Amino acid sequence: MLLYSDFSLKDSNTFNLAAKAEYYFEIAERQDLESFIRKRRYFEMPRIILGNGSNIVFSKDFKGVVLKNLLSGIEVLQDDDNQAVVKVSSGEDFDKFVDFCVKKHYFGLENLSGIPGTIGASAVQSIGAYGADVKNYIQEVEYYDFADYSFKTIKGEDCKFGYRDSIFKNDLKDNAFVTSVTFKLEKKFVPILDYDYLRQRLSEFQILTPNIVRRVILAIRSERIPDFRQFGNAGSFFKNPELTKAAAEKLKAQFPELKAYEQENGKVKLAAGQLIDLCGFKKTEEGAKVGVAKNNALIMLNLGNATGKDILAYAKKIEKTVKEKFGIKLEPEVVIC
Ligand code: EPU
């Protein structure tokens with residue numbers, strides 16, 4: 001287990017923000033968690049768990065301990081005619097695992113190709129994209145419980161998965177370090193074509209294979225999401241707001257161009273990116289440090305040497321403008337610390 005102090009986090013977050021961690025521990029094996037709790041001085045400090053840093057804004061230096069998740073390993077537990085069960089250590093890269101699945105002919109996750117972040121974060125954040133949700137494939141999650149110093153397993157159906165939400169962001173927020181996620185995947189390929197634009201892009205193919213779906217998704221993502229190595233970003237900055245049907249209808253009467261998607265819970269989801277776009281944020285002033293992506297206003301960009309404070313100030317400006325124009329309060333999708 002390696003410990004660093006005053007550790008630069010600039011290369012550990014995709015917004016490329018220059019923040020420092022007071023202490024930085026690498027968790028490369030499960031036993032490192034047990035070693036960590038024995039270091040009482042550090043254990044009692046504030047802490048955050050860091051995966052690939054692709055969904056986080058460091059607003060300042062972190063006073064406390066950053067636990068960097070480097071747990072690795074992919075273990076196939078079952079592989080028969082109907083399904084595959086695979087246990088994946090939480091520090092593994094999510095997209096590396098999607099690639100592994102496509103190659104092994106384990107299906108379900110191909111629409112989630114190209115999502116940055118770790119396996120652990122995929123469960124904590126309950127990721128979803130292009131008509132697929134990771135929660136539908138999670139059989140169980142193992143975590144280390146800092147409250148009673150033990151490893152525990154929780155079934156997928158008990159993880160309280162919601163839209164970018166899970167038990168790990170609520171009841172277990174401060175005490176769980178996810179160590180592995182066990183996925184249950186299909187052996188028969190059924191393409192998920194609920195997302196209109198994907199269906200359209202796939203319509204030119206006579207035969208659909210998981211690999212084609214993966215390639216097309218990767219192409220769509222690269223058209224819509226700038227490479228963080230060029231312009232630091234953390235994907236969608238805000239969640240898409242959910243309104244009651246009545247509120248959505250009222251708003252649509254005023255702004256007929258608004259995209260509105262009915263949800264299973266009876267609510268209506270609007271596209272935050274469109275709301276921000278309609279407020280004119282795609283026009284960037286000369287020399288600005290922060291802006292939004294030309295192809296997707298939901299993605300905030302570090303255009304130069306922005307600090308976390310610059311990013312948050314711009315987010316506040318967006319929130320205020322959207323609230324004034326549409327009466328909607330946007331909520332961050334990224335983690336702010
Ligand atoms: N739109 C605009 N202008 C914009 C951006 C979007 O008009 O500047 C419109 C689009 O034309 C589209 C609608 O808004 O009709 C929705 O946009 P899109 O389909 O690109 O999806 P999104 O709302 O930007 C969400 C997820 C993404 C996920 C995509 C695809 C959230 C917060 N974001 O983005 O997830 O990849 O759908 O399913 O739910 C993430 O969570 O970080 C993430 C990238």
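Keep in mind that this is a model prediction, so the values were computed, not measured. Numbering of ligands and ligand atoms starts at 1, following listing order.
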So does [X] pair up with [Y], basic N to acidic O under 4.0 Å?
X      : Y      : value
Lys160 : Asp171 : yes
Asp165 : Lys135 : no
Arg38  : Glu34  : no
Asp99  : Lys96  : no

Quick one: do Lys169 and Gln125 satisfy side-chain hydrogen bond (donor to acceptor under 3.5 Å, both in side chains)? Show the steps, please.
CA-CA 8 Å; Lys169 293 179 83 174; Gln125 186 69 355; 2.8 Å; yes

If we ignore angles and hydrogens, is there a donor and acceptor under 3.5 Å between the side chains of Thr209 and Asn211?
->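 There is no such pair (donor and acceptor under 3.5 Å, judged by atom type) between the side chains of Thr209 and Asn211.
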
Within the 3.5 Å criterion, strictly below it, is a donor on Ser35 or Asp32 matched to an acceptor on the partner's side chain?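 Their side chains do not contain a donor-acceptor pair, so the 3.5 Å distance test is not met.
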
Heavy atom of the protein closest to [atom] (residue, atom name, distance):
atom                    : answer
atom 23 (O) of ligand 1 : Asn240 ND2, 2.9 Å
atom 5 (C) of ligand 1  : Asn296 OD1, 3.2 Å
atom 38 (O) of ligand 1 : Tyr130 N, 2.7 Å
atom 9 (C) of ligand 1  : Gln274 CB, 4.1 Å
atom 33 (N) of ligand 1 : Ser236 OG, 3.0 Å
atom 3 (N) of ligand 1  : Asp277 OD2, 2.8 Å
atom 26 (C) of ligand 1 : Arg164 NH2, 3.6 Å

Element-labelled atoms of ligand 1 that are located less than 4.0 Å from some non-hydrogen atom of [X]:
X      : result
Lys282 : 3 (N), 4 (C), 8 (O)
Tyr261 : 12 (C), 13 (C), 15 (O), 16 (C)
Ala297 : 4 (C), 5 (C), 8 (O)
Ala271 : 13 (C), 14 (O), 16 (C)
Tyr163 : 31 (C), 32 (C), 39 (O)
Lys259 : 11 (O), 15 (O)
Arg224 : 5 (C), 6 (C), 20 (O)

Is [X] in polar range of ligand 1, meaning some N or O pair under 3.5 Å apart?
X      : value
Tyr195 : yes
Lys239 : no
Asn55  : no

**Asked** Is there a path of hydrophobic side-chain contacts, each under 4.5 Å between heavy atoms of I, L, V, M, F, W or Y residues, that connects Met300 with Ile276?
**Response**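 Linked within one cluster.
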
### Query
Are Val213 and Leu185 connected in a single hydrophobic cluster, I mean Ile/Leu/Val/Met/Phe/Trp/Tyr linked by side-chain heavy atoms less than 4.5 Å apart?
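Result: no, two separate clusters.
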
When you look for heavy atoms under 4.0 Å from ligand 1, do you find them on the side chain of Leu298, its backbone, both, or neither?
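The side chain, only.
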
Margin query: Below a 4.0 angstrom heavy-atom separation, can you tell me which part of Phe238, side chain or backbone, both or neither, approaches ligand 1?
Written below: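 Contact part for Phe238 vs ligand 1: backbone (N, CA, C, O).
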
Closest to atom 36 (O) of ligand 1 (judged by heavy-atom distance), picking from Ser126, Ala129, Gly114: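 Answer by nearest heavy atom: Ala129.
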
Inset, instruction - Could you pull out all residues at least two apart from Phe255 that satisfy ring-ring contact (aromatic ring centres under 6.0 Å, His included)? - result: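 Applying ring-ring contact (aromatic ring centres under 6.0 Å, His included) to Phe255 gives Phe326.
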
Problem - Test ring-ring contact (aromatic ring centres under 6.0 Å, His included) applied to Phe151 - qualifying residues, sequence neighbours left out - result: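 Testing Phe151 for ring-ring contact (aromatic ring centres under 6.0 Å, His included), a comparison that skips the adjacent residues, returns Tyr144.
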
Quiz prompt | Name of the residue among Tyr23, Tyr4, Phe36 meeting ring pair (Phe, Tyr, Trp, His ring centres under 6.0 Å) with Tyr42 | solution =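 For Tyr42, the ring pair (Phe, Tyr, Trp, His ring centres under 6.0 Å) test succeeds with only one of Tyr23, Tyr4, Phe36, which is Tyr23.
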
Query raised in the report: Is the shortest distance from atom 31 (C) of ligand 1 to a protein heavy atom below 4.0 Å?
Result: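 So far as the 4.0 Å threshold goes, atom 31 (C) of ligand 1 is in reach of a protein heavy atom.
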
Q. Which pair of heavy atoms, one from Asp277 and one from Ala297, lies closest together, and at what distance?
A.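 That would be N-CB, 3.7 Å.
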
